[in-house]
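Residue numbers count from 1 along this sequence.
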Amino acid sequence: MAYIRFTAEGDRLSSFRDALRRNGVSCQKQQICDSVYTAEISANAQRMLSALAKQYGIHLEITARHGMRFRLAPYRRRFGFIFGLLCGGLFLSWCNAAVRSIEITGNERISDTEIVRALSKLGVHYGVPFRDLPYQYIEQQMRLAIHDIEWITMRHSGGRLIVDLTEERLPPELHDDHVPTNVIASETAQITGMDVRGGFAVKQIGDTVKAGELLITGAQTDSFGVCRYYHAEGVVTGTFFDTFEQTLPFVSELPVRGSSHTETVFSVFGKRIPLTLGFIRPEASEQIIYEEDREPLVLFGKQLPLSLIRCRYTKQETAITVYSESEIQTMLEEAAARYEQNFHADDKIISKRTEISRSDLGISLKINYIFEGVIGKSSEIFVKLS
């Protein structure tokens, strides 16, 4: 609040004070010393104060002025300062009128990248004005684009677009123990263990079975000739054979990185302004690898919606590569290790026999395995109703 402090003196000082009260001028911090009256009033009452002082012949002196209006008064004719304030206000208004950042809450299974990509396809990206966003339509389309979204809403706070969502709850896995099933062999193997938890075993430990052969049956005919069906369940283990085979040549043609060109771009609220003069962007094709590094600008520890982006376009070429015998053997051993980890991580290796053959073109590796593991798998019984 703006206020002024004044001193008044004269022969009709008491009448002047009474006139101030009658006209509704509120005086604060009043003092009278040696016929000098000192007080503070609101800056809006200065005109009334001057008129009453003239009417009663009071000598009036303004000793202090406080408030924003008095601080800005010296700058009222400095048009550059006023223009700067207007530009700053317009800039802040423009910052809060467009999307500067996207904040996503409530997602666990769905990644932020997937949500931002779906929003981008619907026209929601950095720099787009909030007034151009049809929120209800975008929310409906997001539920169609990402099926795991059960509920979604969008709102903006300043320049932030806040996306709140709830993911669909996954139903619990259903294990129907009443469905008639058999347990059959998934591999041609020799049975080493059987743990029957439902149904009736038709094989025993030591038997050799073929892939698809019945191990535990869920069907049984009683003494009256009536066939009854059960849910067969159990763990059947056995030993079985498997083979890994791969050939690698001594000479191969591999993709390599070629010449690289970098373009510097200045990003302002999602709008990209090229800074590299004379740069010609290569045509998009499978032979070009695109990479970018983003460096956001920071002011007083706060990240601004401005950033420098260095875009790299690298040409992908092919080169003839020659491998030595030891290198090929190392690569074959690594491939065999990946095979064991990917396909038989839960199985125990009983034995393996390695065969290596060399030719003028390359080296072949063949490994004959004997594994021990679970060989039984569940298979439903389809009953024809009469």
> Would you confirm whether Asn23, through its side chain, and Ala19, through its main-chain N or O, come within 3.5 Å as a donor-acceptor pair?
yes

> Working note: Phe244 + Leu365, criterion side chain to side chain contact (heavy atoms under 4.5 Å, CB included); need CA distance, chi angles, decisive distance, verdict.
CA-CA 8 Å; Phe244 169 80; Leu365 173 65; 4.1 Å; yes

> For Gln190 and Thr208, test the side chains for any donor-to-acceptor distance below 3.5 angstrom and give the result as yes or no.
no

> For the residue pair Phe241 and Asn368, establish whether any side-chain heavy-atom pair is separated by less than 4.5 Å.
no

> Are the aromatic ring centres of Tyr339 and His344 under 6.0 angstrom apart?
yes

> If you count the non-hydrogen atoms of other residues, nucleotides and ligands that lie under 6.0 Å from CD in Gln30, is the total more than 12?
yes

> Could you note down all residue pairs passing ring-ring contact (aromatic ring centres under 6.0 Å, His included) where residues 188-210 supplies at least one of them, sequence neighbours left out?
Phe200-Tyr230

> Can you check whether Thr243 reaches Ile367 side chain to side chain, under 4.5 Å on heavy atoms?
no

> Is Ile309 isolated, or which residues cluster with it under the ILVMFWY side-chain rule of less than 4.5 Å, directly or via members?
Val265

> Answer yes or no: is there an ion pair linking Lys203 with Glu213, defined by an N-O contact shorter than 4.0 Å?
yes

> How does the hydrophobic cluster around Val235 look, that is, which other residues are in it when side-chain heavy atoms under 4.5 Å mark a link?
Val374

> Side-chain heavy atoms nearer than 4.5 Å, only ILVMFWY residues, links allowed to pass through others: does that put Leu299 and Leu308 together?
yes

> Following the transitive rule for hydrophobic clusters with a side-chain heavy-atom cut-off under 4.5 Å over Ile, Leu, Val, Met, Phe, Trp and Tyr, establish whether Ile328 and Ile356 coincide in one cluster.
yes

> Does any part of the side chain of Arg5, heavy atoms only, come nearer than 4.5 Å to the side chain of Thr38, both counted from C-beta?
yes

> Run the salt bridge (Lys or Arg N to Asp or Glu O under 4.0 Å) test against Arg21 and tell me which residues pass, sequence neighbours left out.
Asp18

> Kindly indicate, with the supporting measurements, whether the criterion salt bridge (charged side-chain N to carboxylate O under 4.0 Å, His left out) is fulfilled by Arg257 and Glu291.
CA-CA 12 Å; Arg257 289 174 173 263; Glu291 299 170 314; 3.1 Å; yes

> Is there side-chain contact between Leu332 and Gln329, with at least one heavy-atom pair below 4.5 Å?
no

> How about Val226 and Thr221: do any of their side-chain heavy atoms sit closer than 4.5 Å?
no

> Quick one: does any side-chain atom of Ser120 pair with a main-chain N or O of Val116 as donor and acceptor, under 3.5 Å?
no

> Got a sec, which hydrophobics cluster with Leu361, joining ILVMFWY side chains under 4.5 Å apart, including via others?
none

> Give a yes or no on this: more than 12 heavy atoms of other residues, nucleotides or ligands lie within 6.0 Å of atom CZ of Arg109.
yes

> Tell me who clusters with Val202, hydrophobic residues only, linked when side chains sit under 4.5 Å apart either directly or through other members.
Ile184, Leu214

> Test of understanding: with salt bridge (Lys or Arg N to Asp or Glu O under 4.0 Å), list the residues that count as partners of Asp293, not counting sequence neighbours.
Arg312

> Under 4.0 Å between a side-chain nitrogen and a carboxylate oxygen: does that hold for Glu103 and Arg160?
yes

> Only distances under 3.5 Å count here; give the side-chain donor-acceptor pairs of residues 138-149 to other protein atoms, sequence neighbours excluded, each with its distance to 0.1 Å.
unit_1	atom_1	unit_2	atom_2	d
Glu139	OE2	Met154	N	3.0

> Treat each ILVMFWY residue as a node, draw an edge where side-chain heavy atoms are under 4.5 Å apart, and state whether Ile104 and Leu122 are in one component.
yes

> Kindly determine whether Tyr37 and Cys27 satisfy side chain to side chain contact (heavy atoms under 4.5 Å, CB included), including the steps that lead there.
CA-CA 11 Å; Tyr37 175 60; Cys27 298; 3.6 Å; yes

> Mind checking what makes ring-ring contact (aromatic ring centres under 6.0 Å, His included) contact with Phe279, not counting sequence neighbours?
Tyr313

> Would Arg155 and Tyr135 count as a cation-pi pair here, with the cationic atom under 6.0 angstrom from the ring centre and within 45° of the axis?
no

> For residues 332-350, pull every pair meeting salt bridge (Lys or Arg N to Asp or Glu O under 4.0 Å), keeping only residues two or more places apart or in separate chains.
Glu340-Lys352

> Consider only side-chain heavy atoms of I, L, V, M, F, W and Y, link residues closer than 4.5 Å, and tell whether Leu49 and Leu13 are in one cluster.
yes

> Linking I/L/V/M/F/W/Y whenever their side-chain heavy atoms sit closer than 4.5 Å, directly or via other members, would Ile288 and Ile280 fall into one cluster?
no

> List the steps, then state whether side chain to side chain contact (heavy atoms under 4.5 Å, CB included) holds for Ile41 with Phe6.
CA-CA 8 Å; Ile41 64 171; Phe6 68 91; 3.6 Å; yes

> Within the 4.5 Å heavy-atom criterion, are Ile363 and Thr247 side-chain neighbours or not?
no

> Just by modelled atom types, is the Ser260 backbone N or O under 3.5 Å from a matching donor or acceptor in the Thr314 side chain?
no

> Could you tell me if Thr321 and Ser252 have a donor-acceptor pair between their side chains, going purely by distance under 3.5 Å?
no

> I'd like to check Leu165 versus Trp151 (side-chain heavy atoms, cut-off strictly below 4.5 Å). Are they in contact?
no

> Salt bridge (Lys or Arg N to Asp or Glu O under 4.0 Å) with Arg353: which residues, sequence neighbours excluded?
Glu355

> Main chain of Gly193, side chain of Thr237: is a donor-acceptor contact present, judged purely on distance under 3.5 Å?
yes

> Looking only at heavy atoms, what is the nearest atom pair of Ala335 and Gln246, with distance?
CB-OE1, 3.2 Å

> Do Arg294 and Ser307 have side-chain N/O donor and acceptor atoms under 3.5 Å apart?
yes

> Tell me whether Ser186 contacts the main-chain N or O of Ile375 through its side chain, where contact means a donor paired with an acceptor under 3.5 Å.
yes

> Taking C-beta and beyond as the side chain, do Asp195 and Arg197 meet within less than 4.5 Å on heavy atoms?
yes

> Looking only at heavy atoms, which two atoms of Ala8 and Phe16 are closest? And how far apart?
CB-CE2, 4.0 Å

> I'd like to know if Glu295 and Arg310 make a salt bridge, using a cut-off of under 4.0 Å between side-chain N and carboxylate O.
yes

> For residues Thr188 and Lys210, report the shortest heavy-atom separation together with the two atoms involved.
OG1-CA, 3.7 Å

> Working note: Phe130 + Leu161, criterion side chain to side chain contact (heavy atoms under 4.5 Å, CB included); need CA distance, chi angles, decisive distance, verdict.
CA-CA 9 Å; Phe130 288 110; Leu161 177 66; 4.1 Å; yes

> Does Glu325 have any salt bridge (Lys or Arg N to Asp or Glu O under 4.0 Å) partners at least two apart in sequence or in another chain, and if so, which?
Arg358

> Applying the side chain to side chain donor-acceptor pair (under 3.5 Å) criterion to Asp164, which one of Thr153, Thr105, Asn107 satisfies it?
Thr105

> Do His231 side-chain atoms and Thr181 backbone N/O form a donor-acceptor pair below 3.5 Å?
no

> Looking at Ser42 and Ala45, would you say the former's side chain and the latter's main chain have a donor-acceptor pair under 3.5 Å?
no

> Quick one: closest heavy-atom pair of Thr318 and Glu253, and the distance?
OG1-OE2, 3.0 Å

> Are any side-chain N or O atoms of Ser379 and backbone N or O atoms of Val183, one a donor and one an acceptor, separated by less than 3.5 Å?
no

> Answer yes or no: is there an ion pair linking Glu292 with Arg272, defined by an N-O contact shorter than 4.0 Å?
yes

> Look at the side chain of Glu167 and the backbone N and O of Ile110, then say whether any donor-acceptor pair between them is shorter than 3.5 Å.
yes

> Just by distance, do the side chain of Ser111 and the backbone of Glu114 share a donor-acceptor pair under 3.5 Å?
yes

> Between Thr192 and Glu372, do the side chains contain a donor N or O and an acceptor N or O under 3.5 Å apart?
yes

